[in-house]
Amino acid sequence: MQEYYDKMTAQARPHAGRFTLNATDGAARAGVLDTAHGSIETPIFMPVGTVGSVKALAPDDLHALGAQIILGNTYHLYLRPNDKLIARRGGLHTFSAWDKPILTDSGGFQVFSLSSLRKISEQGVEFRSHLDGSKHVFTPENVVEIQRNLNSDIMMVLDECVPYGADYAYTEKSLELTTRWALRARQAYPQGCAHNLLFAITQGGFFKDLRARSIAALVDHDFDGFAIGGLSVGESKAEMMTHLYHATPLLPAAKARYLMGVGTPLDIINGICAGIDMFDCVLPTRNARNGTLYTSLGKINIKRKEYAEDDGPLDPQCQCYTCRTFSRAYLRHLYTSKELLAFRLNSLHNLTYFLSLVREARESIMQGRFHALKRHIESLYPEEAAAGGAIG
RNA sequence: GGAGGGGUUCCCGAGUGGCCAAAGGGAACAGACUGUAAAUCUGUCGUCGUGAGACUUCGGAGGUUCAAAUCCUCCCCCCUCCA
């Protein structure tokens with residue numbers, strides 16, 4: 001493996017880990033994060049490709065969309081096909097033919113979402129595979145090792161994503177464990193994987209003092225970026241926003257900030273408003289496969305009968321391949337007929353929407369007019385805004 | 001001509017005296033989805049009514065019964081095999 005690590009290190013571009021701020025507008029930031037496979041311009045939305053594939057799309061599609069970085073998942077790729085198999089093929093970039101940056105989630109979320117299958121201890125988490133029931137152990141150290149084997153550009157530390165409704169005592173105990181795990185992960189690889197950036201994950205549930213404590217305990221350690229975890233796990237929109245706006249300013253300004261698993265277009269705008277740089281979410285791709293599409297006029301469900309004879313484009317203001325080429329009537333027909341093309345065209349469109357949104361946000365920050373964009377997005381999702389998604 | 005099987009709510013298909021406006025699929029219609037065990041899940045799905053409930057349905061027409069999709073009679077139609 002050392003030979004593999006050396007080779008990956010040699011191939012890495014210089015300055016990996018450097019984060020440069022280009023502009024700010026209020027708390028909103030526009031920056032650039034350098035990684036081993038190139039730079040990403042923030043704020044950024046990262047399409048989710050859990051098992052080494054953004055569902056329904058090929059790398060060519062992602063390039064056409066202007067995707068700068070995608071996600072992979074440690075838990076899923078470790079179980080299948082296995083990180084060592086991927087390392088033998090030259091890492092996840094080579095294996096999946098994606099040459100731009102990749103961020104891998106640690107499996108902390110699976111510890112949460114597959115909770116019936118696991119047992120948490122100081123050492124790490126013992127869990128059963130959802131695929132075949134076999135028993136495995138994740139520790140802060142081996143999760144980093146797995147991500148190095150994948151040659152992830154941005155590795156996430158193992159954390160516990162605390163379920164919504166957890167009480168103060170549990171949240172506190174969990175946060176302390178997550179903190180100890182993060183420090184162990186960092187200490188295990190102090191210099192050994194400099195080009196595989198390592199982000200810490202802050203937790204703290206829905207208690208402001210615990211959020212602050214989690215951040216304070218991590219900021220002084222040498223992480224390449226900081227994530228806010230444990231939001232959007234079932235809480236109300238208002239609660240989520242309260243903690244988003246409370247926690248983000250506590251993160252160090254000089255490092256990239258990542259809001260994990262979020263969110264809707266309005267959530268993302270709020271995150272940017274609060275000072276977040278990076279987002280990922282399954283919403284655009286999953287909703288694409290389930291028929292919900294995001295447009296410049298709001299959300300639409302392409303399955304609806306009203307589109308059966310609608311010859312207009314999905315979104316007249318969108319320049320994506322889907323909108324340039326096909327009618328709503330055809331897209332509805334594809335979906336209704338269960339044609340696989342529906343997944344690809346819908347995913348292309350929704351990701352175009354999310355990527356355009358963050359690109360516009362970046363431009364508006366550079367030009368000092370971010371607030372106007374925020375107001376506009378709020379007007380597109382009035383119900384969500386009314387539910388508490390219009391703070392700031 | 002002979003022997004047998006069958007016609008159920010948009011479709012397929014359970015149901016053979018009351019617990020049946022009728023299982024289960026499908027279709028249709030609507031909704032959900034936030035670090036992806038998701039091409040998944042949920043709801044509605046005879047008519048009227050917010051509701052309790054009322055009314056009309058199981059090929060057709062009669063009949064038996066307190067009660068019929070279910071039992072009886074006749075009729076119509078479909079399928080298989082034999083001639």
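Computation of the quantities below employed the complete heavy-atom set of this structure, encompassing side-chain atoms and omitting hydrogens, waters and symmetry-equivalent molecules.
- Summary of the strand contacts: T292(A) and G49(A) both lie near RNA chain B, and taking for each the nucleotide with the nearest heavy atom, the more 5' one is attributed to T292(A).
- Closest to the R332(A) side chain, of the nucleotides C29(B), A30(B), U36(B), is C29(B).
- One can place CG of N290(A) at 14 Å from C1' of A30(B), the figure rounded to the nearest angstrom.
- Ring pair W98(A)/H63(A) is parallel by interplanar angle, where below 30° counts as parallel and above 60° as perpendicular.
- Distance from the side chain of K55(A) is smallest for A39(B) among the nucleotides G31(B), A39(B), C33(B).
- When heavy atoms are screened at a 4.0 angstrom cut-off, T336(A) is found touching the sugar-phosphate backbone but no base atom.
- G107(A) comes within contact range of no nucleotide atom at all, as no heavy-atom separation falls under 4.0 Å.
- You'll find the side chain of W181(A) stays beyond 4.5 Å of the side chain of D159(A), heavy atoms only.
- Residue contacts for R118(A): at a heavy-atom cut-off of 4.0 Å it reaches no nucleic acid atom on any strand shown.
- Using a 4.0 Å heavy-atom criterion, one finds that Q203(A) contacts the bases of the nucleic acid, with or without backbone contacts as well.
- An OP1 or OP2 oxygen of U36(B) is reached within less than 4.0 angstrom by a side-chain nitrogen or oxygen of N73(A).
- Taking atom CZ on F343(A) and atom C1' on A38(B), their separation rounds to 11 Å, with Å as the unit.
- On the C1' atoms, C20(B) is 15 Å away from U56(B), given to the nearest whole Å.
- Using a 4.0 Å heavy-atom criterion, one finds that L71(A) contacts the sugar-phosphate atoms exclusively.
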Verdict with reasoning, I201(A) to Y258(A), per side-chain contact (heavy atoms from CB on, under 4.5 Å): CA-CA 9 Å; I201(A) 304 176; Y258(A) 167 27; over 6 Å; no

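- Of the candidates A39(B), A37(B), C33(B), the closest approach to any side-chain atom of L340(A) belongs to A39(B).
- Both distances falling under 3.5 Å, in either a Watson-Crick or a G-U wobble arrangement, occur for no nucleotide opposite A14(B).
- The pairing partner recorded for C55(B) is G46(B), the criterion being a Watson-Crick or G-U wobble arrangement whose two distances lie under 3.5 angstrom.
- Protein atom CG of N350(A) is 13 Å distant from nucleotide atom C1' of U34(B), rounded to whole Å.
- Shown for residues 278-287 of chain A: residues whose heavy atoms fall under 4.0 angstrom of RNA chain B, namely D280(A), C281(A), V282(A), L283(A), T285(A), R286(A), N287(A).
- Nucleic acid contact for K338(A): sugar-phosphate only, since backbone atoms but no base atoms lie under 4.0 Å from a heavy atom of the residue.
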